[in-house]
K.L.:
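Here it is, the structure in full.
Everything numeric in this text was worked out from a predicted model, so none of it was measured.
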Amino acid sequence: MTLQQIHYVLTIARAGSMNKAAEQLFVSQPSLTSAVKELEKEIGLSIFTRTNRGMIVTNEGADFLMYARQLYQQYELIQEKYSSDRNYKRKFSVSTQHYSFAVKAFVETVRKLGTSDFEFGIFETRTRAVIADVGNLRSEIGVLYLSDFNRKAIGKLLRDHDLEFHELIRCSAYIYMWRGHPLAKEASLTLKQLEDYPCLAFDQGEEGSYYLTEEIMTEKEYPRTIKASDRATMLNLMVGLNGYILCSGIINEELNGDAYVAVPFRGDRENRNAVMTIGYITRKRSPLSDIGRMYVDEMKRYLDGVNNAERGG
């Protein structure tokens with residue numbers, strides 16, 4: 001077993017494709033395939049299942065990759081400290097649902113470390129992709145939420161990918177809208193008051209379900225709904241159509257601007273308020289890297305400030 005082979009399989013797991021991995025590694029696909037087969041023969045297990053959708057990490061392979069990743073991280077630390085190759089860069093990536101605080105923490109982490117010696121990546125994506133990215137080692141950390149409604153379904157997906165959830169904060173539902181919305185100055189809002197306005201939601205793709213939505217209380221029936229795929233479009237729909245999102249109310253003005261507000265949701269007998277438990281996911285038994293710990297600390301620092309101040313605005 002060589003470090004090169006370990007580097008190869010970690011890259012394949014992140015890329016999810018033999019072709020993409022070969023391009024990233026600047027090697028031919030036959031050479032890469034041969035190296036993987038030799039490693040699998042040596043360790044006596046299949047690391048990947050080859051499908052028409054790409055390379056899928058097996059359960060046994062995921063366990064091997066967890067230890068391989070820890071070993072390779074130690075090699076990267078040694079290389080960073082003692083290598084004369086100044087072109088070498090350590091890698092760190094995060095996959096997240098659409099949370100501005102997660103992006104803010106990422107920004108602060110990059111600011112502290114700089115980009116000259118590190119290669120960073122952050123992917124705002126669908127819920128299923130957040131889980132798959134961490135499971136396949138594309139990202140070290142994923143950020144998503146649990147509630148009483150989705151906990152069982154999300155929990156099964158996490159177990160299937162050998163992942164664990166770490167709680168960051170609990171918060172009740174808020175209505176996120178632009179300041180010019182006719183209801184923006186209300187002290188609190190009910191779903192009845194919002195009937196005439198479109199409820200916005202992030203699209204979860206063909207394999208999506210109510211259990212994978214990013215917005216709280218999506219099991220309810222809304223007279224008007226619009227789906228979008230990115231945060232910028234959501235903000236445009238808020239302004240152009242007076243749309244709203246049911247969310248945590250944790251808003252970062254530095255990144256989103258001050259043109260939007262979060263109004264507390266007021267439950268009633270038919271529509272009780274719900275609690276979001278926002279946290280991050282990692283591979284089981286896999287300790288965070290020093291960059292990963294720094295990123296988590298930045299999220300906690302920001303959310304601690306949220307707990308000690310009024311949300312919204």
Side-chain angles (χ1 to χ4, degrees), residues 92-111 120-134 138-147 149-151 154 158 163 165-178 200-204 208 211-218 227-235 237-238 243-263 265 274-282 292 294-307 309 311-313:
F92 174 74
S93 296
V94 173
S95 293
T96 176
Q97 293 178 328
H98 296 77
Y99 294 120
S100 58
F101 79 84
V103 179
K104 172 64 175 174
F106 184 82
V107 168
E108 294 303 320
T109 301
V110 174
R111 282 177 176 171
F120 293 102
I122 183 165
F123 313 103
E124 281 193 336
T125 187
R126 295 167 174 167
T127 303
R128 192 182 292 274
V130 172
I131 295 170
D133 283 354
V134 180
R138 184 190 190 199
S139 292
E140 181 177 347
I141 291 172
V143 184
L144 48 72
Y145 89 93
L146 300 179
S147 68
F149 178 70
N150 73 4
R151 192 178 305 274
I154 297 294
L158 296 181
L163 306 177
F165 179 85
H166 311 269
E167 180 179 329
L168 287 169
I169 191 171
R170 296 187 184 186
C171 43
S172 298
Y174 277 68
I175 310 298
Y176 189 36
M177 56 179 54
W178 79 297
L200 309 178
F202 285 105
D203 176 64
Q204 296 296 325
Y211 300 108
L212 297 178
T213 56
E214 297 187 35
E215 302 75 30
I216 194 73
M217 299 171 59
T218 48
K227 292 184 178 181
S229 60
D230 64 87
R231 187 141 42 104
T233 300
M234 281 291 194
L235 299 179
L237 293 174
M238 287 184 193
Y244 68 92
I245 303 176
L246 284 153
C247 67
S248 65
I250 303 173
I251 311 303
N252 183 267
E253 289 188 3
E254 181 181 342
L255 299 181
N256 282 12
D258 60 0
Y260 306 90
V261 297
V263 181
F265 170 74
V275 175
M276 301 176 72
T277 302
I278 302 176
Y280 65 95
I281 58 174
T282 60
M294 182 181 296
Y295 176 71
V296 169
D297 287 344
E298 288 294 339
M299 285 196 294
K300 289 180 178 179
R301 185 175 297 109
Y302 183 84
L303 295 175
D304 284 345
V306 169
N307 272 332
R311 277 204 299 270

K.L.:
Would you indicate whether the side-chain heavy atoms of Ile131 and Leu158 approach each other to under 4.5 Å?
P.N.:
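Yes, at least one pair of side-chain atoms sits under 4.5 Å.
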K.L.:
A side-chain contact here means heavy atoms from C-beta on lying under 4.5 Å apart; do Ile175 and Leu246 qualify?
P.N.:
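Yes; the side chains approach each other to less than 4.5 Å.
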K.L.:
Would Leu168 and Lys300 count as a side-chain contact (heavy atoms from CB on, under 4.5 Å) if you check the C-alpha gap in whole Å, the side-chain angles of each, and the deciding distance to 0.1 Å?
P.N.:
CA-CA 7 Å; Leu168 287 169; Lys300 289 180 178 179; 3.8 Å; yes
K.L.:
So which heavy atom on Lys104 is nearest to which on Arg111, and how close?
P.N.:
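Distance-wise, the nearest heavy atoms are NZ-NH1, 4.1 Å.
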K.L.:
I need the minimum non-hydrogen distance between Glu215 and Ala201, along with the two atoms involved.
P.N.:
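Looking at all heavy atoms of both residues, the shortest contact is OE1-CB, 3.4 Å.
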K.L.:
Angle between ring planes, Phe92 versus Phe120, binned at 30° and 60°: parallel, tilted or perpendicular?
P.N.:
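If you compare the ring of Phe92 with that of Phe120, the planes turn out perpendicular.
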K.L.:
Answer yes or no: is there a side-chain heavy-atom contact under 4.5 Å between Leu235 and Tyr260?
P.N.:
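Yes, side chains in contact.
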K.L.:
Would you say that Tyr174 contacts Phe265 through its side chain, given a criterion of any heavy-atom pair below 4.5 Å between the two side chains?
P.N.:
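No; the side chains remain at least 4.5 Å from each other.
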K.L.:
Would you mind telling me which of Asp133, Ile281, Val143 makes a side-chain contact (heavy atoms from CB on, under 4.5 Å) with Ser95?
P.N.:
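Testing Ser95 for a side-chain contact (heavy atoms from CB on, under 4.5 Å) against Asp133, Ile281, Val143 leaves exactly one candidate, Asp133.
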K.L.:
Do the non-hydrogen side-chain atoms of Ile278 and Phe101 ever get within less than 4.5 Å of each other?
P.N.:
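Heavy-atom side-chain distance check passes, below 4.5 Å.
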K.L.:
CZ of Phe202 to CD1 of Ile245: how many Å apart, nearest 0.5 Å?
P.N.:
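The CD1 atom of Ile245 is 5.0 Å from CZ of Phe202, to the nearest 0.5 Å.
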K.L.:
Atom OG of Ser139 and atom CZ of Phe123: how far apart are they, to the nearest 0.5 Å?
P.N.:
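Reported to 0.5 Å precision, the distance equals 5.0 Å.
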K.L.:
Check Arg231 against Ser100 and note the closest heavy-atom contact, atom names and distance.
P.N.:
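Closest approach of Arg231 to Ser100, heavy atoms only: NH1-CB, 3.7 Å.
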K.L.:
Using side-chain contact (heavy atoms from CB on, under 4.5 Å) as the criterion, point out the one residue from Ile122, Thr96, Ile141 that pairs with Phe106.
P.N.:
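Result for side-chain contact (heavy atoms from CB on, under 4.5 Å) with Phe106: Ile122.
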K.L.:
If you round to the nearest 0.5 Å, how far is OH of Tyr145 from CD of Glu167?
P.N.:
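One gets 14.5 Å once the value is rounded to the nearest 0.5 Å.
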K.L.:
Write down the atom of Gly243, the atom of Met177, and the distance for their closest heavy-atom approach.
P.N.:
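That would be O-CB, 4.1 Å.
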K.L.:
Evaluate Phe165 against Leu144 for side-chain contact (heavy atoms from CB on, under 4.5 Å), listing each step before the verdict.
P.N.:
CA-CA 9 Å; Phe165 179 85; Leu144 48 72; 3.8 Å; yes
K.L.:
Between Cys247 and His98, is any pair of side-chain heavy atoms under 4.5 Å apart?
P.N.:
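No - every pair of side-chain heavy atoms lies 4.5 Å or more apart.
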K.L.:
Taking the side chain as every heavy atom from C-beta outward, state whether Cys171 and Met276 have any atom pair closer than 4.5 Å.
P.N.:
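Answer yes - side chains close enough.
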K.L.:
Which value, rounded to the nearest 0.5 Å, describes the distance between Gln204 atom CD and Arg126 atom CZ?
P.N.:
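So the CD of Gln204 and the CZ of Arg126 are separated by 7.0 Å.
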K.L.:
Within a strict 4.5 Å, meaning less than it, do heavy atoms of the Ile169 and Met299 side chains meet?
P.N.:
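In short, these two side chains do not touch, never coming nearer than 4.5 Å.
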K.L.:
Give the minimum heavy-atom separation between Ala102 and Tyr295, together with the two atoms involved.
P.N.:
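Closest heavy-atom pair between Ala102 and Tyr295: O-OH, 2.9 Å.
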K.L.:
Is there a donor-acceptor contact under 3.5 Å linking the side chains of Glu214 and Thr127?
P.N.:
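Result is no, nothing qualifies.
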K.L.:
Drop me the distance from Leu212's CG to Gln97's CD, to the nearest 0.5 angstrom.
P.N.:
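Leu212 CG to Gln97 CD: 9.0 Å, rounded to 0.5 Å.
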K.L.:
Nearest 0.5 angstrom please: Tyr211 OH to Arg128 CZ, how far?
P.N.:
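Nearest 0.5 Å value for the OH-CZ distance: 13.0 Å.
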